[in-house]
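What follows is one structure encoded as structure tokens, with my remarks underneath.
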Amino acid sequence: MKIISFDTDNTSYQMGITDDGFLLHLYYGPKTGCDMDYSLTMYDRGFSGNPYDVGNDRTFSLDVLPMEYPGYGNGDYRSPAFSMRDSSGVQGADLRYRSHRFLPGKYGIDGMPAVYAAEDEARTLEIVLADETAGVQVTLKYGIIPSRDAVTRAAVIENISDSTITVDKALSASLDSLSGNWDIIHFDGRHGMERLPQRDAVRRGKISIGSRRGTSSHQHNPFIVLASEETGEDYGSCTGLMLAYSGNFKAEAERDQYGLTRTGIGFQDEMFDYPLAPGEKLETPEAIMIHSDEGLSDLSQKYHALISEHIVRGPWQHKRRPVLINNWEATYFDFTGDKIVSIAEQAAQLGVEMIVLDDGWFGARNTENAGLGDWTVNEEKLGGPLSSVVNRIKDLGMQFGLWIEPEMVNEDSDLYREHPDWAYTVPGKKPVRGRNQLVLDFSRDEVVDAIFEQISAVIASADISYIKMDMNRSIMDVFSRTDKVQHYGKTMHAYVKGVYRFIEMLRQRFPELLIEGCSGGGGRFDAGMLYYTPQIWCSDNTDAIDRIQIQRGTSFGYPIQTIGSHVSQVPNEQTGRIVDFATRGIVAQAGTFGYELDLNLISDEEKEEVKKQIADYKKYWPLIANGSYYRLHSPEKDTETASWCFAAEDKSEALMSAVTLDNHCNNPVSYVRCRGLDPAKMYHVEPVLGADTQPLELSGQALMTVGLPVPIIPGEYKAWQWHVTSKDTDNLNNKEN
Ligand code: DGJ
């Protein structure tokens with residue numbers, strides 16, 4: 001068997017080509033130092049067919065072997081990565097190896113997000129498979145980034161026949177694990193409660209998650225982890241499959257009849273229906289795979305590094321983001337230019353660096369029911385042109401940011417009255433409304449261009465530093481007026497590419513702009529979006545206690561400095577919960593910090609807290625942005641206290657945070673155990689926040705094995721924070737911020 005293999009710093013990947021050209025998957029995991037084809041076994045298995053090429057050998061069946069990119073049509077009946085129909089409707093293809101080559105550098109994907117790397121940091125492997133009879137060629141692409149232990153995958157499907165073929169399923173990556181008991185961890189939820197981890201054993205049958213909403217969605221996230229049963233935060237084998245894509249997707253895990261586990265991620269195949277004309281190609285989105293043998297924290301930290309260094313781009317990639325105040329929860333649609341300036345005046349005095357004017361500044365947008373699509377400034381409401389408000393903000397020494405929702409239109413808008421055909425509606429059918437709005441056909445260039453021209457004229461009219469790009473409904477009634485025959489999957493993919501093109505044009509025209517992604521909070525929180533927007537509003541739920549869960553779930557795949565998080569008012573707008581100002585502060589600090597309330601309405605004591613919170617955020621930013629993030633508590637087991645920490649890579653310091661979740665009479669004491677320290681070093685423990693704690697001198701071992709007791713004090717949702725610094729090293733914190 002001919003073997004194709006490559007390594008990252010800590011892992012190996014191996015494939016085998018059989019004599020008949022079938023591409024088998026042999027291994028992905030910690031380096032073994034030997035060829036792994038010995039692990040294949042051949043037995044005659046009933047009802048598992050045999051390729052014609054192997055003659056009478058009934059022991060060779062693709063139905064039981066581990067496959068690299070399994071296609072329906074050659075005897076493998078498990079869930080395929082690829083399936084197609086030819087022009088006469090014949091289902092299936094028999095993909096065989098044709099060639100492969102290694103190239104320097106990392107491939108890119110046209111008009112789509114992809115991991116990038118310097119030429120000497122990465123390699124590309126291309127493997128060409130084909131079935132000339134079915135008329136298809138599939139090029140598997142692998143990006144190898146050794147220092148990040150990352151392997152990216154994508155597939156390019158090309159019609160090599162002279163008639164149209166239809167792709168029914170095209171995953172970006174498929175991974176067969178020969179044996180073992182595996183769990184799949186996925187990140188699910190709903191609007192306002194996104195990305196809560198759920199761990200299920202993969203048993204016989206299939207677990208499948210995904211989105212049909214046109215966005216990656218609040219309900220499921222395009223990221224799964226395949227973990228061995230015993231894997232925890234700091235031990236065990238785990239492999240992540242993350243899709244850098246913001247539209248319909250599918251992730252699945254299936255255990256077959258002989259105990260092999262097949263995992264895959266890629267395009268959603270339900271309703272996919274993607275026709276390819278002769279010569280036409282379809283490139284799948286990119287899957288990012290990382291393996292760790294050291295548990296989920298290590299896996300998360302590797303994803304954080306990969307996304308921070310190889311997905312996020314532009315001038316804001318490594319810069320501390322301005323501390324902002326957003327007017328949404330303070331005013332909703334009910335504001336004037338003067339009101340915005342008055343919020344900014346108070347905020348500026350307390351050290352806030354930017355004000356963001358949210359929804360309602362344009363067209364006839366005074367409620368949710370009108371105005372989307374009309375991106376002209378409502379000067380009557382603002383009391384003059386946008387620049388007059390922006391200039392008043394600038395005079396306060398603050399920056400100005402603006403909200404947009406380019407993909408949407410209200411029926412009550414001039415745009416819809418003029419171009420009703422630009423919205424997705426099926427002729428003769430009443431459309432499904434979401435938030436009383438319709439979705440614009442962003443698969444059409446002229447629609448994207450027209451909206452872009454409107455919005456970029458507004459941005460150019462004033463000194464605008466930041467854009468929050470929102471998207472507030474799931475998509476339905478997909479009907480593109482440009483096509484006589486509708487192909488849902490093709491249109492939806494073109495829609496997502498249209499969204500990417502829109503943001504890319506914004507980035508090109510306004511290179512310094514900081515863009516925050518948003519879809520009703522975290523309905524489009526994915527690595528695809530992070531290629532265009534260095535941060536994403538994490539959830540419409542600003543309740544600090546719910547946010548602990550939401551941000552913890554988000555942290556499994558995504559770096560902390562990409563997570564939009566704000567201190568809002570109490571009782572909280574979404575839950576009615578009352579939480580201390582300090583607690584709201586340390587939760588928001590584990591993200592891109594800001595405020596979302598009218599600071600004129602808080603007490604003098606709280607105003608002093610705002611100043612301290614901002615100073616702390618600036619002080620600890622290098623640790624938050626560059627340190628390793630650890631989830632310290634498990635919500636299932638540690639129900640009384642939540643905790644997390646940031647530890648410097650050189651183990652010189654850590655910032656530990658804890659929040660009590662549940663208060664009872666005569667409570668047991670919770671201990672917060674730090675991670676990421678040097679057990680042999682002595683550390684100074686300085687309380688930053690919280691009652692009844694004193695400075696201490698403790699070893700890393702003590703801090704990590706016994707930890708710090710959280711004082712029992714009356715009241716709910718109290719917060720503690722400790723800054724732990726080693727006594728003999730130069731701390732990150734002393735470096736220039
Ligand atoms: C949903 C967002 O997530 C909110 O923060 C806010 O911007 C509203 N949309 C405005 O309509």
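Both counts, for ligands and for their atoms, begin at 1 and track the order of listing.
Between Y303 and F223, the ring-plane angle classifies as perpendicular under the 30° and 60° cut-offs.
Pairs of residues two or more places apart, or lying in two chains, that qualify as salt bridge (Lys or Arg N to Asp or Glu O under 4.0 Å) and include a residue from residues 553-579 are D543-R577, D546-R577. The list of salt bridge (Lys or Arg N to Asp or Glu O under 4.0 Å) pairs with a residue in residues 371-386, not counting sequence neighbours, is empty.
The only member of R212, R213, R190 that meets side chain to side chain donor-acceptor pair (under 3.5 Å) when paired with Q219 is R213.
A salt bridge links R501 to D449: at least one charged side-chain nitrogen sits closer than 4.0 Å to a carboxylate oxygen.
Partners of N221 under the side-chain hydrogen bond (donor to acceptor under 3.5 Å, both in side chains) rule, at least two apart in sequence or in another chain, are Y558.
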Could you give the N/O to N/O pairs under 3.5 Å linking ligand 1 and the protein, each with its distance?
residue: ligand 1; atom: 3 (O); partner: G521; partner atom: N; Å: 3.0
residue: ligand 1; atom: 3 (O); partner: D540; partner atom: OD1; Å: 2.2
residue: ligand 1; atom: 3 (O); partner: D540; partner atom: OD2; Å: 3.3
residue: ligand 1; atom: 5 (O); partner: K468; partner atom: NZ; Å: 2.7
residue: ligand 1; atom: 5 (O); partner: W537; partner atom: NE1; Å: 3.4
residue: ligand 1; atom: 7 (O); partner: D358; partner atom: OD1; Å: 2.6
residue: ligand 1; atom: 7 (O); partner: D358; partner atom: OD2; Å: 3.2
residue: ligand 1; atom: 7 (O); partner: W403; partner atom: NE1; Å: 3.1
residue: ligand 1; atom: 7 (O); partner: K468; partner atom: NZ; Å: 3.0
residue: ligand 1; atom: 7 (O); partner: D470; partner atom: OD2; Å: 3.3
residue: ligand 1; atom: 9 (N); partner: D470; partner atom: OD2; Å: 2.7
residue: ligand 1; atom: 9 (N); partner: N472; partner atom: ND2; Å: 3.4
residue: ligand 1; atom: 11 (O); partner: D359; partner atom: OD2; Å: 2.7
residue: ligand 1; atom: 11 (O); partner: R435; partner atom: NH1; Å: 2.8
residue: ligand 1; atom: 11 (O); partner: R435; partner atom: NH2; Å: 2.9

